[in-house]
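Presented below is the structure to which this report refers.
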There are 2 protein chains.
Amino acid sequence: MDKTTITSIAQTTGFSISTISRVLNGKAEKYRISPKTVEIIEKEASRCNYSPSLIARGLRMNKTHTIGLVVPSIDNPFFANVASVIVREAKNAGYTIVLMDSAESETGETECVRSLLSHRIDGMIVVPCGVSPDYLEKIDQDNIPVVLVDRYFERTRLPYVSTDNFSGAYEATEHLIRHGHKHIVCLQGNPVATPTKNRVAGYLKALSDHGLEQFATIVGNDFSVQNGYGETKLLLASDNRPSALFALSNTIALGAYKAAREAGLTIPDDLSLVCFDNYMYLDYLEPPVTRVAQPIDEIGVLAIKILLRSMEKRDERSSQLLLPPTLLLAKSVRQL
Amino acid sequence: MDKTTITSIAQTTGFSISTISRVLNGKAEKYRISPKTVEIIEKEASRCNYSPSLIARGLRMNKTHTIGLVVPSIDNPFFANVASVIVREAKNAGYTIVLMDSAESETGETECVRSLLSHRIDGMIVVPCGVSPDYLEKIDQDNIPVVLVDRYFERTRLPYVSTDNFSGAYEATEHLIRHGHKHIVCLQGNPVATPTKNRVAGYLKALSDHGLEQFATIVGNDFSVQNGYGETKLLLASDNRPSALFALSNTIALGAYKAAREAGLTIPDDLSLVCFDNYMYLDYLEPPVTRVAQPIDEIGVLAIKILLRSMEKRDERSSQLLLPPTLLLAKSVRQL
DNA sequence: AAACGTTGCACAAACGTTTGTTCAAAAATA
DNA sequence: TATTTTTGAACAAACGTTTGTGCAACGTTT
């Protein structure tokens, strides 16, 4: 049982491969193929379970209907969620996702990107780990559109869609302040990531807007549970314990949570907590955690939309979007 | 700036494309290409940032170095985790993953599979939603190896790798029984999925081995939080409340958790809880939940290993593996 | 009946690779 | 010097598509 191709159908039906191709692509009338012929060919195609070779087509058309997606770690609820949305939206638009995990490393990322280029993807969506947009911009200029998601670069022509991290952090911090907190510590993630920087900035602005600059404290260095745990351990062992923590991710918050519990502290009675990222489980902790939710669905949808538009007409002004987050109130903040 | 191909390099260096190809594939000495020539070509290739077209190569070689992965829902911690491992392992073996989400639907699954076949993937890893292995077996016979993961079929030649769900459930149930529980209700997931069936079987066997058949109660119908929530609500409203719940997934457990809390019940004092699936967050609930952990890493590693082996020599006896789970003790079970 | 428009399809090139075969020139041997 | 061997590389086909063009046969008009 040989693979059935357009050529094999041509042989068994006696028509030429161009005719087969045209029929199977619905261009029968455009090329005046007779209804009889169409029927014969379609019948044969379905009899043989013909499935067109997208790679042959890709080679000929110089278009693979394939989109590359590079995330720092699929095994992270946030990115898994993003990937989920993107896979769905891409499919709706007739595209297929090639998934890469850069493992939070810059070299990992460039490897992924090189591989994607070799696969001749039509465009790519990247959550960058690196600090420079240069090589991605070059790729974009070479006609492989790139869209950044979540993390992005300050000065770049590349389109991106992310959350308005600044205002999200500002709101969260102000929420704490309004509840009487002054000594609020910020547990940050990877300091070079734009989201981190903007969240930290929002946190600082909120403090200074309320004359609390002197309490500003920023600790930590990555988005891991361990980081949240370790930093909180240190904080709680020190002389002047903060009254509230602002964790820049849900993973960091989890670590803080554990450290607080181990110290015998009750949230929110002894320590208040707010974090970034929404996640189902946060509602089931005791107490549920007040958090800044990112509009993941919208982010994914827009990322694909922008990418598709860039793929159509390359001259377009690139969209750089920051979507508004939502503060979800729960019970982890105490009114002092 | 035109795309650089093997042909463009041939033109600028003056050599033929076959020579370029051989040099760039490290077959220089095999074909006695002179060191000088090699150097010239390699220099030019790197100057132009040459990246071979994997789709052209795929067409010629009839091998794309691409593996399809179909999961019911990427946005599910368990499958995200599986995907993560598989992406990593595939990459290590020189393969790239094309990710598909079947959305827990049989038609969604066949669509995904059709698409993958059109993309001419070299093999695929599937977490099947359907009830029949037939069409997948046919694909496997047609020389596109298929490996099942997590869910599988009772009677099939297809290789699979999953958890020994029966013994995991048996152990979990017995754990409850040893703690004095008799009235243990099983909150099941999708009843047609093999894991569900085997877990239920393990649960029943444990009960009957301890002469508790009469307490056997199985409710629910899918792996959602809502299912766990709804069923637990009903249970807790009934006259004879169970003393313990056995949730067949962590999502179901979450729903049960919420319902219990809403009913003002304390776990484990008023109600004991054990569930399937490990997940970071389970340790942070109050109390942490005792659970049956699946060896996800091993599952992913083995799935790729088996797939690669099938791709090499098709005659191989297919491996059907059930890996042992681990009961992780926490604090959600009360000693009666 | 001659000229012409239509209908229905076939031919062939191209996309970027890999690889079996061929072949001239250089080197080695006789 | 004449012959054989070795060296270094080119030629060409093939993978499965799409698409611009060509061209018979048929039908219509004058």
Side-chain angles (χ1 to χ4, degrees), chain A residues 2-42 44-45 48-66 117-122 143-144, chain B residues 2-42 44-45 48-66 117-122 143-144:
Chain A
D2 280 340
K3 234 27 232 123
T4 114
T5 72
I6 226 175
T7 317
S8 74
I9 297 182
Q11 280 167 350
T12 71
T13 61
F15 293 101
S16 77
I17 57 168
S18 47
T19 301
I20 313 291
S21 170
R22 285 172 173 137
V23 168
L24 264 26
N25 286 309
K27 301 184 181 172
E29 17 192 327
K30 182 178 169 194
Y31 286 94
R32 304 180 313 240
I33 315 268
S34 76
K36 264 183 294 181
T37 307
V38 169
E39 197 194 329
I40 295 176
I41 294 178
E42 283 179 342
E44 175 66 10
C48 298
N49 221 307
Y50 171 71
S51 127
S53 165
L54 295 187
I55 75 167
R57 183 179 291 172
L59 181 58
R60 168 64 218 240
M61 310 280 280
N62 200 24
K63 164 114 184 162
T64 56
H65 282 275
T66 275
L117 290 178
S118 240
H119 276 286
R120 298 294 188 262
I121 43 101
D122 295 331
N143 245 295
I144 309 292
Chain B
D2 281 338
K3 242 2 237 136
T4 115
T5 72
I6 226 175
T7 318
S8 74
I9 297 183
Q11 280 167 349
T12 71
T13 62
F15 294 101
S16 76
I17 58 167
S18 48
T19 301
I20 312 291
S21 170
R22 284 169 173 140
V23 168
L24 264 26
N25 285 310
K27 300 183 181 173
E29 18 191 328
K30 183 177 169 195
Y31 286 93
R32 303 180 314 239
I33 315 265
S34 77
K36 264 183 293 181
T37 306
V38 170
E39 198 194 328
I40 295 176
I41 293 178
E42 284 180 340
E44 175 66 9
C48 298
N49 221 308
Y50 171 71
S51 128
S53 166
L54 295 186
I55 75 166
R57 183 179 291 170
L59 181 58
R60 168 65 219 243
M61 310 280 278
N62 199 25
K63 164 115 183 159
T64 56
H65 282 275
T66 276
L117 290 179
S118 238
H119 276 286
R120 298 294 188 262
I121 43 103
D122 295 330
N143 245 296
I144 308 294

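Please read all numbers here as calculations on a predicted model, not as lab measurements. Quick note on labels: first sequence line is chain A, next is B, and so on, each numbered from 1.
Counting to the nearest Å, the P atom of dG8(C) and the CD1 atom of Ile40(A) are 13 Å from each other. With rounding to whole Å, Ile9(B) atom CD1 is found 17 Å from dA9(D) atom C1'. Atom CZ in Arg120(A) sits roughly 8 Å away from atom P in dG16(C) (whole-Å rounding). With rounding to whole Å, Ile33(A) atom CD1 is found 12 Å from dT19(D) atom C1'. What separates CG of Asp122(A) from P of dC15(C) is a distance of 18 Å, to the nearest Å. One atom, NZ of Lys27(A), and another, P of dA10(C), lie 17 Å apart when rounded to the nearest Å. Between the CZ atom of Arg22(A) and the C1' atom of dA12(C) there is a distance of 12 Å, given to the nearest Å. Rounded to an integer number of Å, the gap from CZ of Arg57(B) to P of dT17(D) is 21 Å.
Taking only side-chain atoms of Ala56(A), from C-beta outward, the nucleotide of dA9(D), dT17(D), dC9(C) with the closest atom is dT17(D). Nearest to the side-chain atoms of Leu59(A) among the listed nucleotides dA10(C), dC15(C), dG20(C) stands dC15(C). Checked against dA9(D), dG8(C), dT19(D), the side chain of Thr37(B) finds its nearest nucleotide in dA9(D). Nearest nucleotide to the side chain of Phe15(A), out of dC11(C), dC9(C), dA12(D): dC9(C).
With values rounded to the nearest 0.5 angstrom, Asn62(B) atom CG is found 8.5 Å from Arg120(B) atom CZ.
Within the nucleic acid shown, Ile17(A) comes within 4.0 Å of at least one base atom, counting heavy atoms only. Residue Ser21(A) is classed as a base contact, given a heavy-atom separation below 4.0 Å to a base.
Not a single donor-acceptor pair under 3.5 Å links the side chain of Ser118(B) to the backbone N or O of Ser51(A). At distances below 3.5 Å, at least one donor-acceptor pair connects side-chain atoms of Thr13(B) with backbone N or O atoms of Ile9(B). Although no hydrogens or angles enter the test, the distance criterion places a donor-acceptor pair under 3.5 Å between the side chain of Asp122(A) and the main chain of Thr64(A).
Counting only heavy atoms from C-beta outward, the side chains of His65(B) and Lys63(B) approach each other to under 4.5 Å. You'll find the side chain of Ile41(B) reaches within 4.5 Å of the side chain of Leu24(B), heavy atoms only.
Searching all strands for a Watson-Crick or G-U wobble partner of dA24(C) with both distances below 3.5 Å returns dT7(D).
Not one side-chain nitrogen or oxygen of Lys3(A) sits closer than 4.0 Å to the OP1 or OP2 atom of dG16(D). Taking 4.0 angstrom as the limit, Thr19(B) places none of its side-chain polar atoms (N or O) nearer than this to OP1 or OP2 of dG8(D). Contact check, Tyr50(B) against dT17(C): a side-chain N or O comes under 4.0 Å of OP1 or OP2. The phosphate of dT17(D) (OP1 or OP2) has no side-chain N or O of Ser53(A) nearer than 4.0 angstrom. Close to dA10(C), at under 4.0 Å from its OP1 or OP2, lies a side-chain N or O of Ser16(A).
Map Ile20(B) and Asn62(B) each onto its nearest nucleotide of DNA chain D; the residue landing nearer the 5' end is Ile20(B). Nearest-nucleotide mapping onto DNA chain D: of Tyr31(B) and Ile6(A), the residue sitting toward the 5' end is Tyr31(B).
Judged by distance alone with a 3.5 Å cut-off, a donor-acceptor contact links the side chain of Ser18(A) to the base of dC11(C). Between the side chain of Arg32(A) and the base of dG5(C), no donor-acceptor pair of N or O atoms lies under 3.5 Å.
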